[in-house]
Undergrad: 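Could you have a look at this structure, given as structure tokens, before my questions?
Here is the naming used below: chain letters follow the sequence lines, and residue numbers restart at 1 for every chain. Just so you know, these numbers come straight off a predicted model, no measurement behind them.
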2 protein chains.
Amino acid sequence: MLTKHFGEVCRDSARSRPVERVPDMRDDDPAAARERVIESMEQSAELYGLSRSAGRIYGVLYFAAEPLSIGDLVEETGYAKSTVSNVTRTLTRIGLIRRRSSSGGGRRVRFEPERELWYVVREVLRRDVARELQTTLRTVRQAERDLEAVDDETAARIRELRETHETLLDVVDLAADFSAAELREALEAYDR
Amino acid sequence: MLTKHFGEVCRDSARSRPVERVPDMRDDDPAAARERVIESMEQSAELYGLSRSAGRIYGVLYFAAEPLSIGDLVEETGYAKSTVSNVTRTLTRIGLIRRRSSSGGGRRVRFEPERELWYVVREVLRRDVARELQTTLRTVRQAERDLEAVDDETAARIRELRETHETLLDVVDLAADFSAAELREALEAYDR
DNA sequence: TCGTTCGTTCGGGATGAGCCGAACAACACG
DNA sequence: CGTGTTGTTCGGCTCATCCCGAACGAACGA
């Protein structure tokens with residue numbers, strides 16, 4: 001997936017949050033603007049199969065002046081400590097945030113966001129998508145080999161499937177080696 | 001998302017299926033090979049945030065010689081008619097399968113698969129990802145405008161976020177206009 | 001050594017997803 | 001018009017997910 005639910009993109013987006021945030025502020029208040037952007041991140045998180053809390057935690061870290069600990073995040077987001085602990089683990093695994101352990105003394109863990117989103121996408125492409133394509137490809141190739149002698153519709157379909165996946169894997173592998181700006185340039189430069 | 005769960009990619013993949021399939025067959029049996037590929041599709045479906053049944057139904061359609069009706073799919077997959085009805089609706093919305101209604105007479109609906117997977121990805125990029133990026137961008141730009149007078153860390157972060165999203169949206173828009181082969185060629189041709 | 005401070009893990013409650021069977025609705029054909 | 005056939009919708013069941021509070025464990029300082 002890449003998306004959790006391709007449809008019903010907006011479900012109940014008015015889930016009651018545990019703490020109230022930014023009661024009433026003027027429009028040019030940085031805190032209010034920040035809050036609106038973070039809410040947008042919550043929504044995006046849902047589209048990409050993450051929980052709403054993941055979006056908020058990433059958002060808080062995005063705007064933070066310095067890496068935050070779990071305790072800090074609990075205070076900022078109003079989520080329980082266990083929730084923050086689990087969500088940060090998930091976000092770390094994806095690559096959306098990083099643990100900066102042992103900054104100075106103490107076992108206090110601090111998290112900082114990866115702000116270059118394309119890096120995150122790239123890692124997902126490599127770690128998840130490419131790997132999935134490879135696994136499928138292995139299965140398909142094995143099936144193709146098993147049916148070497150056969151020449152029916154099924155064999156033809158399997159060949160087609162292999163070719164499709166080979167192309168997709170090539171594209172993913174290639175794209176994962178580009179930066180976002182390079183990618184844009186490469187696509188703009190290409191003339192058909 | 002694009003993926004439902006970026007982690008725990010393999011959960012209990014041995015869920016009991018309602019009907020038994022391909023009891024025991026030789027390795028070069030087309031049906032056995034087909035079955036293994038379809039099982040692989042079930043797994044892929046999960047990664048991309050779809051249900052296992054969606055993967056199987058798509059797989060059955062992929063190998064079908066002709067478009068299948070809901071009744072056919074019930075017979076082929078062993079799922080309940082209601083399940084097949086719901087899943088086909090989802091798959092149609094995504095673009096993985098198409099309804100070929102009114103082929104000849106009758107109100108019998110038939111489904112056929114989109115075998116060019118990149119087309120599907122492209123549609124998802126356009127319909128879901130690009131749209132999401134645009135929505136976020138609108139929010140971020142509004143926030144930036146609200147903070148025109150302000151010049152603090154938050155304002156800087158918002159500017160950075162806008163630039164990131166603008167680049168990503170450009171890339172998505174561009175990529176969605178390419179075929180898979182063109183995309184590969186464009187990336188291969190680009191020399192840094 | 002003993003609190004203190006942090007983070008993780010465990011069990012539980014609420015919500016939602018996936019699947020089922022059965023009832024319902026639409027349409028073709030006798 | 002019935003009547004069978006096909007697809008959709010509805011209520012229910014089960015299981016996973018999300019989030020919580022509380023208990024647990026590991027490190028550090030006094």
Side-chain angles (χ1 to χ4, degrees), chain A residues 1 3-19 42 45-46 49-57 67-75 77-93 97 99-111, chain B residues 1 3-19 42 45-46 49-57 67-75 77-93 97 99-111:
Chain A
M1 130 203 152
T3 63
K4 183 167 195 179
H5 310 108
F6 289 91
E8 43 199 319
V9 164
C10 38
R11 270 175 302 177
D12 81 308
S13 58
R15 184 183 237 152
S16 72
R17 298 279 0 291
V19 295
E42 287 180 330
E46 266 189 332
L50 297 171
S51 57
R52 195 154 265 271
S53 52
R56 170 154 300 268
I57 288 175
L68 298 183
S69 69
I70 291 202
D72 298 334
L73 286 169
V74 167
E75 200 167 350
T77 65
Y79 284 110
K81 205 164 50 157
S82 55
T83 302
V84 174
S85 175
N86 288 321
V87 171
T88 50
R89 188 187 16 249
T90 301
L91 291 177
T92 303
R93 182 160 36 68
I97 66 178
R99 299 178 68 112
R100 292 187 29 94
S101 47
S102 76
S103 84
R107 85 186 220 76
R108 195 182 196 123
V109 181
R110 295 177 173 285
F111 295 94
Chain B
M1 107 199 173
T3 64
K4 184 167 193 178
H5 311 108
F6 289 91
E8 44 199 319
V9 165
C10 38
R11 270 174 302 176
D12 81 307
S13 57
R15 182 183 239 155
S16 72
R17 298 282 356 293
V19 297
E42 287 180 330
E46 267 189 331
L50 298 171
S51 58
R52 194 155 266 270
S53 53
R56 172 155 296 271
I57 287 174
L68 299 183
S69 70
I70 291 204
D72 299 334
L73 286 169
V74 167
E75 199 166 353
T77 65
Y79 284 109
K81 206 165 48 156
S82 55
T83 302
V84 173
S85 176
N86 288 321
V87 170
T88 49
R89 188 188 13 251
T90 302
L91 290 177
T92 303
R93 183 160 34 69
I97 67 178
R99 300 178 68 111
R100 289 184 34 89
S101 47
S102 76
S103 83
R107 87 186 217 77
R108 194 181 197 125
V109 181
R110 295 176 174 284
F111 296 94

Undergrad: May I ask you to evaluate whether A:R89 reaches the phosphate of C:dT9, defined as a side-chain N or O under 4.0 Å from OP1 or OP2?
TA: yes
Undergrad: Report the distance from atom OG1 of B:T88 to atom CD1 of B:I57, rounding to the nearest 0.5 Å.
TA: 6.5 Å
Undergrad: Using whole Å, report how far CD of A:E42 lies from C1' of D:dC18.
TA: 14 Å
Undergrad: Between the base of D:dG21 and the side chain of A:K81, is there a donor and acceptor pair under 3.5 angstrom?
TA: no
Undergrad: At what distance, to the nearest 0.5 angstrom, does CZ of B:F111 lie from CG of B:L91?
TA: 9.0 Å
Undergrad: Side chains of B:D72 and B:S69: is there a donor and an acceptor less than 3.5 Å apart?
TA: yes
Undergrad: Let me know the distance between OH of B:Y79 and C1' of C:dC19, rounded to the nearest Å.
TA: 9 Å
Undergrad: Would you mind classifying the nucleic acid contact of A:S85 as base, sugar-phosphate or nothing, using non-hydrogen atoms under 4.0 angstrom?
TA: base
Undergrad: Nearest-Å distance, CG (B:L73) to C1' (D:dG7)?
TA: 12 Å
Undergrad: May I have the distance from A:L91 (atom CG) to D:dC18 (atom C1'), rounded to whole angstrom?
TA: 14 Å
Undergrad: Report yes or no: is there a donor-acceptor pair, N or O only, under 3.5 Å between the side chain of A:S82 and the base of D:dG21?
TA: yes
Undergrad: What integer distance in Å separates B:L50:CG from C:dC19:P?
TA: 11 Å
Undergrad: Can you see if the side chain of B:R99 gets near the phosphate of D:dT8 - specifically, an N or O under 4.0 Å from OP1 or OP2?
TA: yes
Undergrad: Can you tell me the distance, in whole Å, between the CZ atom of A:R108 and the C1' atom of C:dG7?
TA: 11 Å
Undergrad: Round to a whole Å and report the spacing from CZ of A:R52 to P of D:dT17.
TA: 19 Å
Undergrad: Can you tell which of B:R110, B:E75, B:K81, B:R108 makes a side chain to side chain contact (heavy atoms under 4.5 Å, CB included) with B:I70?
TA: B:K81
Undergrad: Taking all non-hydrogen atoms of both residues, which atom of B:Y79 and which atom of B:V74 are closest, and how far apart?
TA: O-CG1, 3.4 Å
Undergrad: Both distances below 3.5 Å, Watson-Crick or wobble geometry, any strand: find the nucleotide opposite D:dA30.
TA: C:dT1
Undergrad: Among the candidates C:dG21, C:dC19, D:dC20, find the nucleotide nearest to the side-chain atoms of B:T83.
TA: C:dC19
Undergrad: CZ of B:R56 versus P of C:dG18: gap in Å, rounded?
TA: 17 Å
